[in-house]
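Numbering of ligands and ligand atoms starts at 1, following listing order.
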Amino acid sequence: MEPELKVTRAEVIQRGILCNCPNCGERGLLQSWFRLNKACACCKMDLERSSGFYSGTTSIGYVASIIFIIIPICFLVGYKVLSVGAGIALGIVGTFGFMVLIYPVMLCWMVMVYHVALPQDLPRNREGLPPRDEA
Ligand SMILES: [Zn+2]
């Protein structure tokens, strides 16, 4: 049985979708468009500990851009709406633009997914519990 959580999975998802910190709900996650803070600017929750997990972000971005950019362009080229040259140019520009556009969202959502999987890992949910063993 799980101990009662101060921050529930539903709250983590609500906060995460809006790119807010899952722990405190403030906008403290992003240092810049492409970087997470080392720790939340508001509640100091450590964001680096799971950075290995978050580095999966870029591969998600590639998959997402293939699905949302490359495949539709292939169809457009296939149906002769676009020429092959225009399709390739649009693919390169589109993929790059798409990655840039969704990058901060991916970073925030990786934080969210991690804490939906492990809500008991949030500092606020660990309050009052004995310290966890560091692996
Ligand atoms: Zn926070």
Check residues 77-106 and write down every donor-acceptor pair under 3.5 Å in which the side-chain atom is one partner and the other belongs to a residue at least two apart or another chain.
{"from": "S83", "atom 1": "OG", "to": "A86", "atom 2": "N", "distance (Å)": "3.1"}
{"from": "T95", "atom 1": "OG1", "to": "G91", "atom 2": "O", "distance (Å)": "2.5"}

Sub-3.5 Å donor-acceptor pair from the side chain of N125 to the main-chain atoms of P119, do we have one? yes
Tell me if a side-chain donor or acceptor on R9 pairs with a main-chain N or O of V116 at a distance below 3.5 Å. yes
Checking R27 side chain against C21 main chain: does a donor-acceptor pair fall under 3.5 Å? no
Counting heavy atoms not belonging to F34, are there more than 12 under 6.0 Å from its CZ? yes
State the CE-CD distance between M45 and E48, to the nearest 0.5 angstrom. 12.5 Å
Near the Zn ion (ligand 1), which protein N/O/S atoms are found at less than 2.8 Å? C21 SG, C24 SG, C40 SG, C43 SG
